[in-house]
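Letters A, B, ... are given to chains in the order of the sequence lines, protein chains preceding strands, and every chain is numbered from 1.
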Amino acid sequence: MAKLNLNRVSMPKQTPEERGKNFNEVAFGYTHEQALEEAGRCIQCKKRNCIVGCPVGVDIPEFILALREDNMVEAVKSLKAKNALPGICGRVCPQETQCEDVCTLGKKKAPIAIGRLERYVADWEIVHKDEIPKDIEKAEPTGKKVAVVGSGPAGLTVAADMAKLGHEVTMFEALHVAGGVLMYGIPEFRLPKKIVQGEVDYVKSLGVDLKLDSVIGKIALVDELFEEGYEAVFLGTGAGLPIFMKLPGENLNGIYSANEFLTRINLMKAYQFPKYDTPIMIGKRVAVIGGGNVAMDSARCALRLGAEEVYIAYRRSQTELPARAEEVENAMEEGIVFKFLTAPVRYHSDKRGWVRAMECIQMELGEPDDSGRRRPIPIEGSEFTLDVDVVVIAIGNRPNPLVPSTTEGLDTTKWGTLVADEETGKTTKDMVWAGGDIVTGAATVISAMGAGKNAVTAMHKKLMNIEGEE
Amino acid sequence: MYKIVSKRELAPKIKQIEIEALRLAKKALPGQFVIIRVDEEGERFPITITDTDSESGTIKIAFNEVGKSSKQLGNLNQGDSILDVVGPLGRPSEVSNFGTVLCIGGGVMVPGLHYLARALRDAGCDVIGVVGARTKELLIYTKEMKEVCSEVFISTDDGSEGFKGLEFIKDEILEKKKIDRVVAWSVAEVTLKTVSDITKPYEIPTMVLLSTIMVDGTGMCGCCRADVGGSTKFACVDGPEFDGHQVDWQLLTSRKRMYLPEERLAALTYEGFSK
Ligand SMILES: Cc1cc2nc3c(=O)[nH]c(=O)nc-3n(C[C@H](O)[C@H](O)[C@H](O)COP(=O)(O)OP(=O)(O)OC[C@H]3O[C@@H](n4cnc5c(N)ncnc54)[C@H](O)[C@@H]3O)c2cc1C
Ligand SMILES: Cc1cc2nc3c(=O)[nH]c(=O)nc-3n(C[C@H](O)[C@H](O)[C@H](O)COP(=O)(O)OP(=O)(O)OC[C@H]3O[C@@H](n4cnc5c(N)ncnc54)[C@H](O)[C@@H]3O)c2cc1C
Ligand code: SF4
Ligand code: SF4
Ligand code: FES
């Protein structure tokens, strides 16, 4: 057996000093040589562990082999057979807990950089569009109208695949652009909006009719969509309802939900105020509450908007941080100050109603809770105060109740998520399917896409009266 | 794109426009609002729907030209288009036969309130109106209100026409008549607070329309939060109408002023006074 190459090829990035001042993408992506070198490390295992780790089952060894043989067209085809949005997933998947976690070389602490290779192949495709034979086999029109509600990764996946199967698809989106969290949540420096819009354009090119500014539950109820002739409805409305902590002073000026903070910056481009009309308040000291991707994104946005000091207050320790490892590392390099085992208890204001200080309490870790993570317990008498001008609350989101509460027959759980069959996404309402964050609660881009794929299979079968083979 | 099919000046710096929006025209109800984004660089801001015409497929809105966004909207003409109009958002006002309803409207909010007053009348209510403004030139929709109300009182802040201020409501209306419900709409919190303070001792249910700052208008951001009865509400989805006796006015006022310096800068930049 050839000697294992354990030198994971690192990806070139902007220096922390540089990138702290702009919204350009942090990582440049591999060069062709770097991609070939990294791909060359893959040992093409017989037992293909890595595939099992990917929620949509990308044939990783196959696309890496094609890449290694410099057969880019084949690499693109293989990748896209399972993953319609590789440029996005390569950038934002938590690879360290998915494909790369189970890569055979992971045992030697040098898993193949699958995400980076995926990104490389996807970016190559954008530049070399013309070299890829157009063999989108679009099926004969079925004459069936399908409505997709929400245009995040789940909705985009369903719209694209249903259109390819010959159905007439309309996608309704509440906001003025399509893409969901990919547009309003994840910042430009991590996922360029051009890439997301490229995918949206592709979906439209398949014949999907995208209706923006359309809040289902307001402009039309789900039942009215059926009356208008839609025969099946897919709900991919995400988990967009911000959770607050109900602490004294939480509604003071300067205290944002992460959704508002990120929406103002990413969707409304507040970082270009006053060229763009939407303002944002930053101040000198910003505290972000939470430890997930949303918290990292908020903190790094604040830094780029000129905050002098940015804290992340997380109630557990570094080991429990749920954010993508790469982004935690980036945030630390950029100088974000992590206050572990810290939680806010109340906020203090100045006379004009602006937050000025955040009172915190120190935590210690106790026994593991339901989620398997050790439960934080406040240490009595450990209170301390941090001076802050802006606070961003990034402790999570719940599904927006707008659609469930206006639709008869849709059962929800006590967390507000929709009850849906795990394999098919079928809800408790006839001819209505759902997938993504609205079913699972805040999760990942790739799991939303996976749920979309499952729903497509089930919806198509049902619409075409195809008997199950089971 | 949403086309402006007609435009009218109701008073100096108060405009009403009619917009082509087929689905909206069929769905909107009194008390609901739209979120508008004029162009690509524009912010998203809420404006109350003042009427709908499901046959021609249009809605109407009325607005004060106060800052960058509303001035820019006011500079559009018949035939021009608005990039985004989203709605109908918010819960509609409650409409049923309440008995005698006192509808108090300030300035630019009177046209929207007229739309509600008409619905209340059609539902069998006896509607009494109060039309208010800062000064008499800014009184709008008085004639229209008279058409749907059994009685209309006029009030101005400076006393240039009708009663001066709102204190008269107590002696002239509440002391003389049994009022079953009060609805007060104004973009000025003081008006809403004054009305709520006046009706409180009479224990008359008083609904007020809170014009908080908003971004999405669908419950996604929490920008529009207000404290009502000690709990946090999102004005865009839980409101915009709330029980006026339960509102934390100080919080509402300070949150509405959050971006004053930026609003000034935006307006000045738009008018070309600064860079
Ligand atoms: C800041 C942030 C960073 C993240 N980082 C990562 C990451 O690095 N990696 C990762 O894998 N995941 C990440 N996630 C999570 C990931 O983005 C989500 O799990 C994923 O986007 C869910 O997809 P979805 O299609 O279910 O919903 P969403 O992306 O939420 O899309 C839902 C869409 O539906 C629309 N909608 C809602 N209600 C209605 C209605 N009534 N009518 C019409 N349209 C409606 C919304 O406007 C939205 O566009 C992050 C999330 C956030 C907020
Ligand atoms: C549910 C709801 C319904 C609303 N309905 C209407 C409506 O029907 N018509 C309407 O004109 N506005 C309405 N508003 C207020 C409207 O959203 C703001 O007027 C708008 O944001 C103004 O944007 P701007 O950029 O022009 O001014 P900004 O730059 O945002 O504001 C400039 C200054 O004017 C003050 N101001 C804001 N609005 C008004 C106003 N209407 N009259 C006087 N002073 C004001 C602000 O406090 C600020 O200091 C409503 C708000 C909400 C939440
Ligand atoms: S889609 Fe995500 S999990 Fe699957 S192979 Fe690509 S990066 Fe890994
Ligand atoms: S497990 Fe790792 S080394 Fe093995 S085939 Fe997959 S990517 Fe290559
Ligand atoms: S405006 Fe965003 S939640 Fe109300």
More than 12 heavy atoms of other groups within 6.0 Å of [X] [atom1]:
X: K145(A); atom1: NZ; value: yes
X: K7(B); atom1: NZ; value: yes
X: Q250(B); atom1: CD; value: no

Any sub-3.5 Å donor-acceptor pair from [X]'s side-chain atoms to [Y]'s backbone N or O?
X: K246(A); Y: T232(B); value: no
X: S257(A); Y: G222(B); value: no
X: D84(B); Y: H176(A); value: no

Sort [X] into side chain, backbone, both or neither according to what part of it lies under 4.5 angstrom from a heavy atom of chain B.
X: L262(A); answer: neither
X: K269(A); answer: neither
X: Q272(A); answer: neither
X: L402(A); answer: side chain
X: N251(A); answer: both
X: Y184(A); answer: side chain

Heavy-atom pair with the smallest gap, counting every atom of [X] and [Y]:
X: V86(B); Y: V215(A); value: CG1-CG2, 3.7 Å
X: L265(B); Y: P274(A); value: CD2-CG, 4.3 Å
X: T263(A); Y: V215(B); value: CG2-CG1, 4.0 Å
X: G219(B); Y: L241(A); value: O-CD1, 3.3 Å
X: G42(B); Y: T278(A); value: O-OG1, 4.4 Å

Side-chain ion pair, K26(B) and E224(A), N-O less than 4.0 Å: no

Do R264(A) and E43(B) meet the salt-bridge criterion of a basic N to acidic O distance under 4.0 Å? no

Interatomic spacing from [atom1] in [X] to [atom2] in [Y] - rounded to 0.5 Å:
X: S254(B); Y: N253(A); atom1: OG; atom2: CG; answer: 4.5 Å
X: K275(A); Y: E41(B); atom1: NZ; atom2: CD; answer: 4.5 Å
X: Y259(B); Y: D277(A); atom1: OH; atom2: CG; answer: 13.5 Å
X: L175(A); Y: R37(B); atom1: CG; atom2: CZ; answer: 10.0 Å
X: W354(A); Y: R257(B); atom1: CH2; atom2: CZ; answer: 13.0 Å
X: E260(A); Y: M220(B); atom1: CD; atom2: CE; answer: 10.0 Å

At a heavy-atom separation under 4.5 Å, does [X] approach chain A through its side chain, its backbone, both, or neither?
X: F234(B); value: side chain
X: Q32(B); value: side chain
X: S69(B); value: side chain
X: L22(B); value: neither
X: L24(B); value: both
X: R255(B); value: both
X: L83(B); value: backbone

So do V85(B) and D213(A) actually touch side chain to side chain, heavy atoms under 4.5 Å? no

Looking at L252(A), I280(A), I255(A), I393(A), which makes the most heavy-atom pairs under 4.5 Å with chain B? I255(A)

Dump the intermediate steps for salt bridge (Lys or Arg N to Asp or Glu O under 4.0 Å) on R23(B) and E228(A), then the final yes or no. CA-CA 12 Å; R23(B) 272 177 183 269; E228(A) 285 177 29; 2.8 Å; yes

